[in-house]
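Side chains included, hydrogens not; waters and symmetry mates left out as well; all remaining heavy atoms used. To find a chain, count down the sequence lines: A is the first, B the second, and so on, and within it residues start at 1.
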Amino acid sequence: MASYDYDDSRAGYEESSATQRGSQTPSSGQDLGYDPNYVPDSVKSFVVHLYRHIREKNVYEIHQMYETSFQTLSERLFKDTPWPSVDAVAPCVDNDHVFCLLYREMWFRHLYARLTPTLKQRIDSWDNYISLFQVVLHGVVNMQLPNQWLWDMVDEFVYQFQSFCQYRAKMKNKTDQEIALLKQFDQAWNVYGVLNFLQALVEKSMIIQILEREKEGLEQFTSLDGYDYNGGSNVLKVLGYFSMVGLLRVHCLLGDYHTGLKRLLPIDISQQGVYYTVIGCHITTIYHYGFANLMLRRYTDAIREFNKILLYIHRAKNYHHKSPQFEQILKKNEQMYALLAICLSLCPQMKLVDEVTVNAQLREKYGEKMIRMQRYDDEAFAIYDELFSYACPKFITPSAPSFEEPLVNYNQDAYRLQLKLFLYEVKQQQLLSGVRTFLKVYSTISLGKLASYMEVDEPTLRTILMTYKHKTHAVDSDGKIISNADVDFYIDDDMIFVVDSKSAKKYGDYFLRQIVKFEGLMNSLDAVKLGGFTNNPDGVKLKGFVNNLDK
Amino acid sequence: MGRERDAVVPVPKQAPPQQQVSQMVEQLLAVNPYNPEILSELENYVNEQVSSQTYSLDANLCLLRLYQFEPERMSTQIVARILVKALMAMPAPDFSLCLFLIPERVQMDEQFKTLIVLSHYLETGRFRQFWDEAAKSCHIVEAVLGFEQAIQAYAIHVLSLLYQKVPRSVLAEAINIEGLSLDKFLEHQVANSGWLLEKSHGKGQLIVLPRSEFNHPTLKKNAADAIPVEHVTRIFPILG
């Protein structure tokens with residue numbers, strides 16, 4: 001077992017919010033200095049303006065206040081206390097029900113990010129999400145909110161669920177009062193509730209049908225970045241869209257990789273969709289997609305997407321330098337390099353990896369470890385263990401504890417199981433790197449000769465070669481056999497023939513990509529002429545434009 | 001919360017005829033995949049898969065998920081059946097997918113340990129050990145219809161990835177058929193699946209397996225140069 005602390009309080013582990021979570025661990029903000037009813041003028045002005053912009057559907061201003069002002073105020077006034085209570089600010093915003101739900105959502109998010117929530121607060125936050133989602137599901141909201149905010153809601157909802165499961169699983173030092181509360185509010189963060197709300201958002205929003213219709217040119221969603229320019233609301237649609245990513249993540253946390261990928265299927269990740277407009281969502285999507293594929297042994301799919309996103313992060317890093325998500329971006333960046341190192345050690349497909357940036361970084365970070373991972377000894381396993389433990393999602397046990405004495409902690413059970421099964425897979429593949437080394441230097445070799453080089457008998461060699469073929473040929477989501485093999489060979493009776501597989505350069509794809517890129521560039525130029533930036537809240541087109549010039 | 005929503009789905013009390021079970025379960029899954037009330041339907045469906053040689057990974061994963069959420073409702077007998085069906089789905093990774101959802105302490109159970117060993121032999125191409133072990137634990141695997149044939153199909157799949165021509169003895173060991181039965185089996189494959197028989201230089205029979213891009217890597221090259229239609233569609237709007 002790796003020495004990594006798998007504890008929930010480990011700083012900033014999961015994406016979601018700004019700063020390091022709970023690392024300061026003061027006593028839940030109930031310090032002597034905190035008066036929940038005191039509303040400083042700057043806060044009053046903040047909520048009044050935010051409320052007005054929301055009513056006026058000024059997405060650009062909402063986005064600015066949400067991304068910048070909220071962070072600045074938190075940093076200045078609420079570094080280690082919660083924001084003023086919702087009851088204290090409600091009079092400033094006509095006691096608007098929906099605004100108060102949104103305010104509380106941010107209130108709890110801030111609390112989770114900077115302090116340690118009490119059990120009561122966890123339960124209250126659950127109730128707030130339920131009220132908020134129910135309002136959205138019943139279609140009574142008429143707001144237009146920035147994608148970033150909507151993503152943060154889904155992301156935080158899943159994070160708080162995960163955090164609750166971790167918290168609940170540490171039964172050993174629970175007080176009687178906490179246990180009583182857990183029993184009383186057993187529906188709070190219940191796994192069925194969490195899954196059903198995400199699923200309800202997906203279904204009620206009709207997002208799957210919208211994406212289908214868009215493919216046929218009957219509807220616009222992706223091309224408008226999910227916004228509605230005809231006076232409608234984007235909230236349900238976009239929450240439904242992000243909930244598919246939320247479901248992918250929840251299923252990965254539960255170890256159900258097949259179902260997770262299935263929930264993501266309506267989003268075509270080979271295209272730049274709405275998930276692309278929020279970098280946190282983009283990263284969460286690809287991280288979990290890649291991880292699930294790694295566990296399904298579809299290594300090339302994982303390598304391809306990790307490569308793409310690591311390249312993207314490398315280029316976009318400076319742009320997000322000041323973003324509150326910056327630390328999370330860097331953290332996930334490092335984890336994905338670790339996962340890429342694992343994938344490439346099990347499936348050495350270097351040609352899929354960008355040479356200049358990704359491979360150079362990879363060599364710098366894990367070059368030496370990757371050489372040791374090729375060996376067949378305990379040290380190699382220890383490295384697989386270490387990288388997996390560092391980079392895997394925070395697996396959870398979704399079931400409620402048995403409240404019978406003695407109370408035991410079970411917060412590591414799920415992680416241990418996934419680790420064990422992963423290492424089992426590594427063990428099954430441990431002889432393959434030896435075979436690779438030999439096959440790369442021969443064009444023909446007899447089984448007998450190779451067997452003696454590898455110091456095994458001939459029947460054993462045949463099983464090793466079968467293992468190689470089995471492990472390098474994955475089954476894709478349609479049941480088709482896909483080759484991940486780095487060496488092509490076959491056996492005729494008792495001779496092995498290795499086929500040199502120099503992949504021809506694909507010019508067709510290159511031209512296609514350049515055509516698309518050029519077209520995008522021309523569109524951006526047109527937009528400049530028409531002054532088309534102003535109605536685009538995320539400045540996405542602008543970003544695309546800059547990226548295009550970049551390349 | 002979720003439970004209230006679930007009440008919308010009516011669950012028939014009486015067992016319907018077999019063919020309808022699969023249809024009904026697929027429908028229940030489509031309506032709400034996170035419904036704790038469909039547990040017994042899913043269990044019945046596992047039994048139906050066992051007797052009718054059908055298979056639904058999605059339904060079985062859904063059931064394992066419900067067990068994961070409410071461990072006290074778990075039936076180890078049903079879990080064992082799901083795992084045997086998953087073995088039969090090789091080369092797909094279904095067996096691991098199921099294990100990911102089964103708590104470690106449950107996996108300690110003797111029958112699961114046996115199944116994990118069987119899976120290990122299949123994953124690492126050790127067919128002789130597999131058949132020996134399977135013979136010892138026939139009470140687990142023989143309860144499931146079509147087990148032997150499914151594993152033989154997997155063995156032939158792996159052999160076809162590796163061999164252009166495979167010695168008769170290697171094939172015999174992998175599919176656990178010998179002598180006259182093997183002759184008959186080969187005859188059938190020659191007639192139906194494009195297999196050919198050859199004499200090797202004095203050592204016995206060689207079986208020529210059908211060509212594929214996996215055992216004839218040169219076949220792959222041509223496909224690599226082509227551009228998939230989906231990629232071309234990206235520029236349709238521009239061309240238009």
N-O pairing of A:Lys262 and B:Asp58 below 4.0 Å: yes

Identify which part of B:Val170 has an atom lying under 4.5 Å from any heavy atom of chain A, answering side chain, backbone, both or neither. side chain

Give the interface residues of residues 160-169 of chain B toward chain A, defined by a heavy-atom separation under 4.5 Å. B:Leu161, B:Leu162, B:Tyr163, B:Gln164, B:Lys165, B:Pro167

Is a side-chain donor-acceptor pair under 3.5 Å present for A:Asn484 with A:Thr300? yes

Looking at chain A, which one of B:Pro103, B:Ser96, B:Pro33 has the largest number of heavy-atom pairs inside 4.5 Å, strictly under? B:Pro33

Are any non-hydrogen side-chain atoms of B:Leu87 and B:Ser119 less than 4.5 angstrom apart? yes

Name the member of A:Thr460, A:Ile464, A:Thr259, A:Ile481 that forms the most heavy-atom pairs with chain B at distances under 4.5 Å. A:Ile481

Closest heavy-atom pair, B:Thr124 versus A:Thr467, reported as atoms and distance to 0.1 Å, is O-OG1, 2.9 Å

Between B:His157 and chain A, which part of the residue has a heavy atom less than 4.5 Å away: side chain, backbone, both or neither? side chain

Less than 6.0 Å separating the ring centroids of A:His258 and B:Phe100? no

Most heavy-atom pairs under 4.5 Å with chain B, out of A:Leu431, A:Leu465, A:Thr397, A:Asp413, belong to A:Leu465

So, the part of B:Leu64 with a heavy atom under 4.5 Å from chain A: the answer is neither

For B:Arg128, is it the side chain, the backbone, both or neither that has a heavy atom under 4.5 Å from a heavy atom of chain A? neither

Part of B:Glu72 within contact of chain A (heavy atom distance under 4.5 Å): neither

Proximity breakdown for A:Arg263 and chain B, heavy-atom pairs closer than 4.5 Å: side chain

Interface moiety of B:Ile116 toward chain A, non-hydrogen atoms closer than 4.5 Å: both

Pick from A:Phe395, A:Tyr257, A:Phe291, A:Phe388: which one makes a ring pair (Phe, Tyr, Trp, His ring centres under 6.0 Å) with A:Phe422? A:Phe388

A:Ile496 versus chain B, heavy atoms under 4.5 Å apart: side chain, backbone, both or neither? neither

Here the pair of heavy atoms bringing A:Arg168 nearest to A:Pro398 is NH2-O, 2.9 Å

Say you draw a straight line from CD of B:Glu37 to CG of B:Leu42; how long is it, rounded to the nearest 0.5 Å? 12.0 Å

Report the option among B:Ala92, B:Pro91, B:Pro93 that has the most heavy-atom pairs separated by less than 4.5 Å from atoms of chain A. B:Pro91

Taking side chain as C-beta onward, heavy atoms only, is B:Phe127 less than 4.5 Å from B:Asn176? no

Looking at A:Thr472, A:Val194, A:Asp256, which one has more heavy-atom pairs under 4.5 Å with chain B than the rest? A:Asp256

Contact class of A:Arg297 relative to chain B, heavy atoms under 4.5 angstrom: side chain

Is the distance between the ring centroids of A:Phe133 and A:Phe157 under 6.0 Å? yes

Less than 4.0 Å between a side-chain N and a carboxylate O, is that true for B:Glu104 and A:Arg416? no

Under the criterion side-chain contact (heavy atoms from CB on, under 4.5 Å), which of B:Val46, B:Val79, B:Leu101, B:Ile38 is the partner of B:Leu63? B:Val46

Counting only heavy atoms closer than 4.5 Å, note whether A:Leu247 contacts chain B via side chain, backbone, both or neither. side chain

Please flag which part of A:Met295 lies under 4.5 Å from any non-hydrogen atom of chain B: side chain, backbone, both or neither. both

Does atom CD (B:Glu26) have a neighbourhood of more than 12 heavy atoms from anything else shown, all under 6.0 Å? yes

Just by distance, with hydrogens left out, do B:Gln49 and B:Asn60 show a side-chain donor and acceptor under 3.5 Å apart? yes

Give me the atom names and distance for the closest heavy-atom approach of B:Cys98 to B:Leu83. CB-CD2, 3.7 Å

When heavy-atom pairs shorter than 4.5 Å are enumerated against chain B, which of A:Lys427, A:Lys471, A:Met495 gives the highest number? A:Lys471

With only heavy atoms counted, which part of A:Tyr468 is less than 4.5 Å from chain B, the side chain, the backbone, both or neither? neither

